[in-house]
Q: 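I'd like to ask some things about the structure below.
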There are 2 protein chains.
Amino acid sequence: MNHNHESLSRRRAKAAAPSRPTIKDVASRCGVHPSTVSRALSPAMSHLVADDVAKRIRATAAALGYRPNITAAGLRTGRSGLVGVLAPDIADPNFPPVLGGVAEALHEAGYATIVVDVGPHGSPVELADRLIARGVDGLVLATVSLHDPVVEHCIDASIPVVLVNRTDAGKLVPSVASDDEAGIRLAVDHLLALGHRRIGHVAGPQDISTGALRRAGFEAGMAQAGVPGEEIAVEAAPGYTREAGRAAALRLLERRPDLTAIVAANDLLALGVYDALAERGLNCPNEVSVVGHNDMPYLDMLSPPLTTVRIAQREMGDRAARLLLAQIRDPDARHDHVVLAPQLIVRGSTAAPRG
Amino acid sequence: MNHNHESLSRRRAKAAAPSRPTIKDVASRCGVHPSTVSRALSPAMSHLVADDVAKRIRATAAALGYRPNITAAGLRTGRSGLVGVLAPDIADPNFPPVLGGVAEALHEAGYATIVVDVGPHGSPVELADRLIARGVDGLVLATVSLHDPVVEHCIDASIPVVLVNRTDAGKLVPSVASDDEAGIRLAVDHLLALGHRRIGHVAGPQDISTGALRRAGFEAGMAQAGVPGEEIAVEAAPGYTREAGRAAALRLLERRPDLTAIVAANDLLALGVYDALAERGLNCPNEVSVVGHNDMPYLDMLSPPLTTVRIAQREMGDRAARLLLAQIRDPDARHDHVVLAPQLIVRGSTAAPRG
DNA sequence: CTTAGTTATGCAAACGTTTGCAGAGGTTTT
DNA sequence: AAAACCTCTGCAAACGTTTGCATAACTAAG
């Protein structure tokens, strides 16, 4: 019913800041002590105040447009309601669904998320420290390498942490990831079933769990199919980018011109494989089949549409958030390592090898 | 040189929280008053304390691993160093570059960003309020419709605001956007130059500036080319999605089977146009040329590669952040409306109409 | 009618900073 | 030598909450 909105906003240049009402304003308006207001407005404490008083307080709070100052409350309680997320590259199409899952679950629990894009030159430890200085109640790390100092650092700071998508070698903290070995084996088995035997792998960075595990899955799958170790062709890309995939694929084709199929550790790498095949004048899938990993959006629009392995990205984020919340509530909770099942999506980039 | 990291972290289960050192710890270690420490550590105030004392304080602060509690400082100063970003859909590939630009510029200025994905069912006003309650120093709105209540709401709350990508009808607050009319005219002129005359438009939502302005640009371009108003074919999609684009394109083709080209208001809509053309058995570009808008990633991998209009997304975010910072520093600063120039990117989806 | 118990409220301290004010000691000016 | 002025540091209040403790007013039990 506040009809002077307009004049207020008009006058904001000259007038002192209209500064939002505080708990004291509500208290004096109601003729009660601030602490009573605090209790009345806190679901956990409101049973301590008489029903009629509580109702009156809630009414005037609403009338004044009172919103508690979360910063002040956080100072007192030691909890900020903030969670930090360290992201490898927010522009990577694989990341937003994960982030969406994280943010949604946290939002429901009353937490807000601060996302920090670490980028190729940022220091995760430094950025984690900045977030900790901001008082975040927990950290979601989507960036860690296998032996990442940031993990130890967070443990030393005794702040709840959960890894998502990638895991650390020591399994020191809880994590949620797709079953990377199984994912690649889905791809390999699919190609084997089509009749391929000479399959190469464009691997991801080997200092990252996804890169290492997917490679391991590839090699295991090939070995199990009876391919001798020395015939198993792998080229690792230094990063999950289209350009790195192109370069690795070119190296692979140079070394092994006889390949009939390539499994990429990631869809972006697979895009690079497409580029390399085009450069070499090789048709996909007629001459070389290609499989990606992750099922990033719009792969069905490529020509040919990319066969890939779908991972449960949104669920990954969701589970990670829940693990983190559990840890915030009880810092000594068990450290779970959640592994989600991947799913093969067959499209047009894979076919039986030519005669 | 802290060698008891390990034992500390091991004991964290039983021991009380190792709680980071405060300004008082540094002060008593140095034998000075906390206020002196505060001054020594604040670049703006450090000239008030003797050089040798300041140096000693900085040294012990570093030795103790002291990091100021930003929450507490924020409570005192009224500034949180936090900026909120309201995003329409974080999974939309067009958004991350904008966000990247925003976050980078703010990070450099010492601000952290809280990104909130509004989604189709979220209430921007409600979410903005939550952010304000969190004490954000400013808001970047990437979601506003032409007559969006959230704008008035933020003005009433007298919190610095800047719009990005989209603008409000009243131009009440500063904004940064691409020149949407000009962008579509680049597309139209390109098609006209190729010889097309019967061009249709799959427009975006008409309650959003990008949708309305791009449509206006389309109609102006066609009118200027001498096409009578009643022959100008437009179908608006209710959202910027592939599926909405497909449906709108089908309606358009139903009404005007004679079209030789379609301009989509957005690349996602253009993907839907591709779908519709495939369904109708129409070849692109031979039978129908298609132009998108925004130049989202990997469009060059489509078949045919999509001709589109590139907009300066990252710069958009960067400029928006700077505008917001200026407004935070001086709430009465001029309200600029920045308009960035778009650029036509010609690929394979456009060709001269058939004879 | 005391005693114990319950319920609703007030009081005041605390969270970790920042900053206006005041004062101590020293140096320059008159 | 007094006056005026720096330069540096300490004091204490304030920011807006939350919460342990005390207390007052009742109610119930003995």
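Not measured: the values here are computed from a predicted model. Lettering of chains follows the sequences in order, A, B, ..., and the numbering in each one begins at 1.
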Q: Under 3.5 Å between N/O atoms: give me all the protein pairs with nucleotides 23-26 of chain D, atom names plus distance.
A:
none

Q: B/His153: which residues meet the side chain to side chain donor-acceptor pair (under 3.5 Å) condition with it, sequence neighbours left out?
A: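 B/His153 satisfies side chain to side chain donor-acceptor pair (under 3.5 Å) with B/Asp129 once adjacent residues are dropped.
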Q: Does A/Asp51 have more than 12 heavy atoms from other residues, nucleotides or ligands lying within 6.0 Å of its CG?
A: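 No.
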Q: For residues 111-121 of chain B, which side-chain donor-acceptor pairs fall under 3.5 Å, sequence neighbours excluded?
A:
from, atom 1, to, atom 2, distance (Å)
B/Asp117, OD1, B/Gly119, N, 3.3
B/Asp117, OD2, B/Ile90, N, 3.0

Q: Which residues pass the side chain to side chain donor-acceptor pair (under 3.5 Å) test with B/Arg329, not counting sequence neighbours?
A: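 Per chain and number, B/Arg329 pairs via side chain to side chain donor-acceptor pair (under 3.5 Å) with no residue.
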Q: Applying side chain to side chain donor-acceptor pair (under 3.5 Å), can you list everything that pairs with B/Asp148, at least two apart in sequence or on another chain?
A: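 B/Ser145.
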Q: Got a list of side-chain donor-acceptor pairs under 3.5 Å for residues 60-73 of chain A, not counting sequence neighbours?
A:
from, atom 1, to, atom 2, distance (Å)
A/Thr60, OG1, A/Arg56, O, 3.1
A/Thr60, OG1, A/Ile57, O, 3.0
A/Asn69, OD1, A/Thr71, N, 2.9
A/Asn69, OD1, A/Ala72, N, 3.0

Q: With a 4.5 Å cut-off on side-chain heavy atoms, are A/Val140 and A/Leu86 touching?
A: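 Not touching, per the 4.5 Å side-chain cut-off.
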Q: Taking only heavy atoms on the protein side, list every residue of residues 23-32 of chain A lying under 4.0 Å from any atom of DNA chain C, sorted numerically.
A: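 Residues of residues 23-32 of chain A under 4.0 Å from DNA chain C: A/Gly31, A/Val32.
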Q: Cut-off 3.5 Å, no hydrogens considered: what does the side-chain donor-acceptor table look like for residues 21-35 of chain A, sequence neighbours left out?
A:
from, atom 1, to, atom 2, distance (Å)
A/Thr22, OG1, A/Lys24, N, 3.0
A/Asp25, OD2, A/Thr22, N, 2.8
A/Ser28, OG, A/Lys24, O, 3.3
A/Ser28, OG, A/Asp25, O, 3.2
A/His33, ND1, A/Ser35, N, 3.1
A/His33, ND1, A/Ser35, OG, 3.0
A/Ser35, OG, A/Arg39, NH2, 3.3

Q: Please assess B/Asp318 against B/Arg314 for the test salt bridge (Lys or Arg N to Asp or Glu O under 4.0 Å), listing each intermediate value before the final yes or no.
A: CA-CA 6 Å; B/Asp318 181 87; B/Arg314 204 176 169 85; over 6 Å; no
Q: Find the bend of the helix from C/dA4-D/dT27 to C/dT30-D/dA1 as the angle between its two terminal axes (five pairs each), to the nearest 10°.
A: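 Axis-to-axis angle, ends of the helix: 60°.
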Q: Show every donor-acceptor pair shorter than 3.5 Å between a side-chain atom in residues 160-175 of chain B and any protein atom, with sequence neighbours excluded, or say none if there are none.
A:
from, atom 1, to, atom 2, distance (Å)
B/Arg166, NH1, B/Thr143, O, 3.0
B/Asp168, OD1, B/Lys171, N, 3.3
B/Asp168, OD2, B/Lys171, N, 3.3
B/Asp168, OD2, B/Leu172, N, 3.1
B/Ser175, OG, B/His337, ND1, 2.9

Q: Would you indicate whether the side-chain heavy atoms of B/Leu325 and B/Leu106 approach each other to under 4.5 Å?
A: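 In contact.
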Q: With rounding to the nearest 0.5 Å, note down the distance linking CG in B/Leu141 to CG in B/Leu127.
A: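 Output value for this atom pair is 11.0 Å.
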Q: Which two nucleotides bound the region of DNA chain C that has atoms under 4.0 Å from heavy atoms of chain A, read 5' to 3'?
A: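 So the outermost contacting nucleotides come out as C/dA8 to C/dG16.
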Q: Please assess B/Leu82 against B/Asp137 for the test side chain to side chain contact (heavy atoms under 4.5 Å, CB included), listing each intermediate value before the final yes or no.
A: CA-CA 6 Å; B/Leu82 243 37; B/Asp137 296 335; 5.7 Å; no
Q: Between atom SG of B/Cys154 and atom CD1 of B/Ile159, what is the distance when rounded to the nearest 0.5 Å?
A: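 Answer rounded to 0.5 Å: 6.5 Å.
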Q: A/Arg130 versus A/Arg134: any side-chain heavy-atom pair under 4.5 Å?
A: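 They are not in contact (no side-chain heavy atoms under 4.5 Å apart), so the answer is no.
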Q: I need the residues from residues 34-59 of chain B with at least one non-hydrogen atom less than 4.0 Å from DNA chain D; give them sorted by number, or say none.
A: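 B/Ser35, B/Thr36, B/Arg39, B/His47, B/Leu48, B/Val49, B/Ala50, B/Val53, in order of number.
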